[in-house]
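One structure is given below, encoded as structure tokens.
Throughout, a chain's letter reflects where its sequence line sits, starting with A, and its residues are numbered from 1.
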There are 2 protein chains.
Amino acid sequence: MNEADEKVGELEEALRARGVRMTRQRAALLTVLANAEDHPDANELHRRAREIDPSVSLATVYRTLSLLQDQSVVQRHVFEGAPARFETADAPHHDHIIDLDTGDVIEFCSDRIERLQAEIAAEHGYEVVHHRMELYCRKKG
Amino acid sequence: MNEADEKVGELEEALRARGVRMTRQRAALLTVLANAEDHPDANELHRRAREIDPSVSLATVYRTLSLLQDQSVVQRHVFEGAPARFETADAPHHDHIIDLDTGDVIEFCSDRIERLQAEIAAEHGYEVVHHRMELYCRKKG
DNA sequence: TGACTTCTTGCAAATCATTCTCATAATCAA
DNA sequence: TTGATTATGAGAATGATTTGCAAGAAGTCA
Ligand SMILES: [Mn+2]
Ligand SMILES: [Mn+2]
Ligand SMILES: [Zn+2]
Ligand SMILES: [Zn+2]
């Protein structure tokens, strides 16, 4: 709650510096995002934001998420057969394992895979702008 | 045109054997799919199927695609910000490079990445049921 | 602290891909 | 052919996301 609050302050500053107006609803959503340890979807973010400011509408949640995505503050992920999920973009790059039974999302990163991806793209005359890698898994045993 | 027609015949047989009724519209869609060398979406498949049988409706295209997916005859891919795309499932497993400028889709497969993915899942106590890997790229130079 | 300009918001209606409902038509085994 | 079962077309319904618009806030500068 301390680290996250600090994060919120920094984000508000950074955004203001970039000419983004800091409204009540944007601040609420930033707080929710900074405190989220999971990968909530727009509805869940709306639910959490309302706890801080009951006036926040779902439309504004979507609008703010787009804004924050443009500002590289959040990342949007669309996993199979589910609405988009969001997380702050401050963590280093990683990909996801999705537990097919529980819906749990686990993060991982493999430098070797990242390197191989770049190699493969290069072999085809391309450079990777961004990529998506999701492992849909089931517990072993 | 020969190879594809052969493929259609085999598919029709295989499906009939599994108790699937072979209707005019299903045959049309199978022909379209067997002849497709790209990754068309439902609308494009509908357009092509109508050239064979003008009565085919979009609803039936969707219904048939679901059926064929259940029968492991087609695979559905949902790339970023676009409707689902389809391809026959007869080719061996591969992943995709998407050209951000042209929309072109290029296929590739890396055994090393596939192996690493399995390893990573295992490290977390999981086994990969299926995965998704897409490289969104731009031409180099 | 106003007054002003420019952006934001909430609400409801619009989109868009996909799915579903239902009355009618087609498949296929007998 | 017949009959039981399943598929189809048309259009309405869905669900996530976006948008238009009138009303409300933010930031700026006196
Ligand atoms: Mn993550
Ligand atoms: Mn492919
Ligand atoms: Zn990665
Ligand atoms: Zn793969």
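At a cut-off of 3.5 Å, with distance as the only test, no side-chain donor of B:Gln75 or B:His94 sits close to an acceptor on the other residue.
Residue B:Arg26 has its side chain nearest to D:dT8 when only D:dT17, C:dG10, D:dT8 are considered. Residue A:Arg63 places its side chain closer to C:dT9 than to any other of C:dT9, D:dT17, C:dT18. The side chain of B:Thr60 lies closest to D:dG9 when the candidates are D:dA16, C:dT18, D:dG9.
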Show the distances under 3.5 angstrom between N or O atoms of the protein and N or O atoms of nucleotides 27-30 of chain C.
from, atom 1, to, atom 2, distance (Å)
C:dT27, O2, B:Arg21, NH1, 2.8
C:dT27, O2, B:Arg21, NH2, 3.4
C:dC28, OP1, B:Met22, N, 3.1

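We find that A:Glu134 and A:Arg132 are joined by a salt bridge, their nearest charged nitrogen and carboxylate oxygen being less than 4.0 Å apart. Contact check on A:Arg47 versus A:Glu51 returns a salt bridge, with a Lys/Arg side-chain nitrogen under 4.0 Å from an Asp/Glu carboxylate oxygen.
If you chain together hydrophobic residues whose side chains sit under 4.5 Å apart, A:Val74 and A:Leu67 fall into the same group. Residues A:Phe86 and A:Ile97 do not share a hydrophobic cluster, clusters being chains of Ile/Leu/Val/Met/Phe/Trp/Tyr side chains in contact below 4.5 Å.
Note: CZ (B:Arg50) to P (D:dT8) measures 15 Å, nearest angstrom. One atom, CG of B:Leu58, and another, C1' of D:dG11, lie 12 Å apart when rounded to the nearest Å. To the nearest angstrom, C1' of D:dA26 lies 19 Å from CZ of A:Arg18. With rounding to whole Å, A:Asp53 atom CG is found 16 Å from D:dG24 atom P. The distance between atom OH of A:Tyr62 and atom C1' of D:dT19, rounded to the nearest whole Å, is 14 Å. Residue B:Leu65 contributes atom CG, which lies 15 Å from atom P of D:dA7 at whole-angstrom precision. A:Asp41 has its CG atom 8 Å from the P atom of D:dA16, to the nearest Å. A straight line from CZ of A:Arg85 to P of D:dT17 spans 11 Å, rounded to a whole angstrom.
Defining each end axis of the helix from C:dT1-D:dA30 to C:dA30-D:dT1 as the rotation carrying four pairs' C1' atoms onto the next four, with five pairs an end, the two axes are found to diverge by 30° to 10 degrees.
Remark: of the listed residues B:Leu15, B:Val20, B:Thr64, B:Thr88, B:Leu15 is the sole one forming a side-chain contact (heavy atoms from CB on, under 4.5 Å) with B:Val73.
Between the side chain of A:Arg18 and the main chain of A:Gln71, a donor-acceptor pair closer than 3.5 Å is present. Checking side-chain atoms of B:Arg26 against main-chain N and O of B:Arg21 turns up a donor-acceptor pair under 3.5 Å.
The aromatic ring centres of A:His93 and A:His130 sit 6.0 Å or more apart.
A close approach under 4.0 Å does not occur between any side-chain nitrogen or oxygen of A:Ser55 and OP1 or OP2 of C:dT9.
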